[in-house]
Amino acid sequence: MTVRLLDTLSGRQRDLVPLEDGHVRVYSCGPTVYGPAHIGNFRSFLFADLLVRHLRWRGSRVTWVMNVTDIDDKIIRGAAAAGVSIEALADRWTERFLADAVALRMSEPEVLPRATRHIEEIVALVEILLDKGHAYRTDDGSIFFRIASWPAYGKLARLDPDQLRVGERVEADEYAKDDVRDFAVWKGPKPGEPSWSTRIGEGRPGWHIECSAMAMKHLGPSFDIHTGGIDLIFPHHEDEIAQSEAATGQEFVRTWLHCAHLQMGGAKMARSEGNIALVGDLLDRGISARALRYALIAAHYRASLSYTDESLAAATAAIERLDAAYLALAGYHEDRTDDPTLPAALETARTAFGAALDDDLNISPALAALFDLVRDLNRRIDARTMSTADADRAVAVLRDLDRVLAIGPDLEAAALEPDLQALVDARAAARAARDWAASDRLRDELAERGIVIEDSRDGQRWRRSGVTSHA
RNA sequence: GGCGACGUACCCAAGUGGUUAAGGGGGAGGUCUGCAAAACCUCUAUUCAGCGGUUCGAAUCCGCUCGUCGCCUCCA
């Protein structure tokens, strides 16, 4: 089965045929570390993670590069405002980003290149653009890409360069240039701004150039997939294509993937809109990171997605349903022969799941396949038709699907805190002694502390509730 | 003003020409259970924003209308 993806540039769904057989190279636009990434940012990172995980699940080797932009206007302003160096500010928010990414179970990219560590690559790229006449210098030491030299400009965003509503916005820090639509690949030095002394002069990188330089350094002049939020199509990715292809003469990216915005309160989540939610804040409120991940990946990446209390509650409930099935299977014991119909049911689920994701990461039918399987397994548990080994086989398949989704319970179920474990043991003892009063009291006490107790034919079991209230 | 996406049940969301319109959440009833929780069963869209059209047949194709969101500017 071939993975098919909808390419923004061609507007068509195309089979993923990697440039190197069996090895997919993916570049994702990552965070600009001027502050903590919000969950809208993470939606795009997690959609890329889902893609990478699925490709690996399908057996491909994947090299995933996600840039960290650690030099730009906002970082400079933020550092100045906070009275710290840009390095300190960038380091602080990079750490926070990595911690959030771990909490949300984002796979770790092979490379997390930082712009300030790639000044040489950026300079080399700008030199080529200057040599080929695609870029020019201005009096202040800045260097601009000349859009007029690149007829294909606008092909990604489907914008006619002549139709751009230029001049509607006047940037306070705009530099003189030949054409207002030209964009800076290198910004001349300014007082109070960091700058590098290089072969192309003093200054710092423009916003778009670093992605071209880092992508080509780590993945080559032409690679398979480039991802980002829909808002990066223009101008960021349009500019990346122009400057990269103008420099190399090769196709920069085979397939462009863009995810739609996360909405909150009827508008896209954006710092400038003031409607942002931060991973750390949500986790501090006791929200399950797995539920948050589920809420962010459960809708197709090209559909806009609203984040609400309701959507999070629905995600939490879905996760708990999944957890309950894992727990019931783990505790399941039945001394009988294997269920001959189980293997086919497991295979059907796995096939449907994979086929759905192959189809442009169509996650809804993939989740439907997962939950269809959960229902089927619950039925078998109730009917006691599986053997103990069957239950293990079922868990293995759930775990296999979870290599892609990463929403399942932790492999090594975190051991219960000693005091809680004591309560759980006491409750089991009370119930065994048919001391219902004590047993109910202990169950209530555990519930208040976030531990759900369930009795089953396979004995008492416990799990942590999806939303643990610390209030 | 230009470009684009979308409108499916109470909510989220698959389905893009042809059997009973997936799945999750929520709600109602039932089974099981010491009670509960979980689970299971039944029910919760003769209908897919509205109106026309094409077709033997449309949620799926075409046109118009209404509505929502986004890009054209920093932005995931």
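Just so it is clear: chains get the letters A, B, ... in the order the sequence lines come, proteins before strands, and each one is counted from 1.
In this structure, A:His258 reaches neither bases nor backbone, as no heavy-atom distance under 4.0 Å exists between it and the strands shown. Residue A:Ala267 is in sugar-phosphate contact alone, with no base atom involved, counting any heavy-atom pair closer than 4.0 Å across all strands shown. Residue-level contact check: A:Gly228 touches the backbone only, with heavy atoms under 4.0 Å from sugar-phosphate atoms and none from bases. A:Ala270 comes within 4.0 angstrom of no nucleic acid atom, judged by non-hydrogen atoms across all strands. Across all strands, A:Leu262 comes closer than 4.0 Å to base atoms (heavy-atom distances).
Looking at A:Arg384 and A:Asp335, no side-chain N of the basic residue comes within less than 4.0 Å of a carboxylate O on the acidic one, giving no salt bridge. Remark: A:Arg336 does not engage A:Asp390 in a salt bridge, criterion side-chain N to carboxylate O under 4.0 Å.
Between A:Tyr27 and A:Phe223, the two ring planes are tilted [angle within 30° to 60°]. Taking the six-membered ring where tryptophan is involved, the planes of A:Trp256 and A:Phe252 are tilted, since the angle between them lies from 30° to 60°.
For the pair A:Ile297 CD1 and B:rA13 P, the computed distance is 15 Å after rounding to whole Å. In this structure, A:Lys268 places its NZ atom 8 Å from C1' of B:rA76, rounding to the nearest Å. Residue A:Arg158 contributes atom CZ, which lies 13 Å from atom P of B:rC3 at whole-angstrom precision. Between the CG atom of A:Leu232 and the C1' atom of B:rC72 there is a distance of 14 Å, given to the nearest Å. Atom CG of A:Asn362 is separated from atom P of B:rA22 by 16 Å (rounded to the nearest Å).
One P atom belongs to B:rG18, the other to B:rU31, and the distance between them is 41 Å to the nearest Å.
Counting heavy atoms from C-beta on, the side chains of A:Arg431 and A:Trp436 come closer than 4.5 Å.
Comparing A:Ala313 and A:Ile233 along RNA chain B, the residue whose closest nucleotide (by nearest heavy atom) sits nearer the 5' end is A:Ala313. Mapping A:His236 and A:Ile230 onto RNA chain B by nearest heavy atom places A:Ile230 at the nucleotide closer to the 5' end.
Stem regions for RNA chain B, each three or more consecutive Watson-Crick or G-U pairs with both distances under 3.5 Å and listed by first number, read B:1-7 with B:66-72, B:10-12 with B:23-25, B:26-31 with B:39-44, B:49-53 with B:61-65.
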remark   = Protein heavy-atom contacts under 4.0 Å, written 5' to 3' over nucleotides 34-45 of chain B as B (base), S (sugar-phosphate only) or - (none), form the string BBBBSBSS----

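With hydrogens and angles left out, the side-chain atoms of A:His54 and A:Asp358 include a donor and acceptor closer than 3.5 Å. No hydrogens or angles considered: nothing links the side chains of A:Thr94 and A:Asp91 as a donor-acceptor pair under 3.5 Å.
Ring centroid separation for the pair A:His237 and A:His208 does not come in under the 6.0 Å cut-off.
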Output a table of donor-acceptor pairs, distance under 3.5 Å, between side-chain atoms of residues 263-274 of chain A and any protein atom two or more places apart or on a different chain; print 'none' if there are none.
residue, atom, partner, partner atom, Å
A:Arg271, NE, A:Tyr34, OH, 3.4
A:Arg271, NH2, A:Pro36, O, 2.4

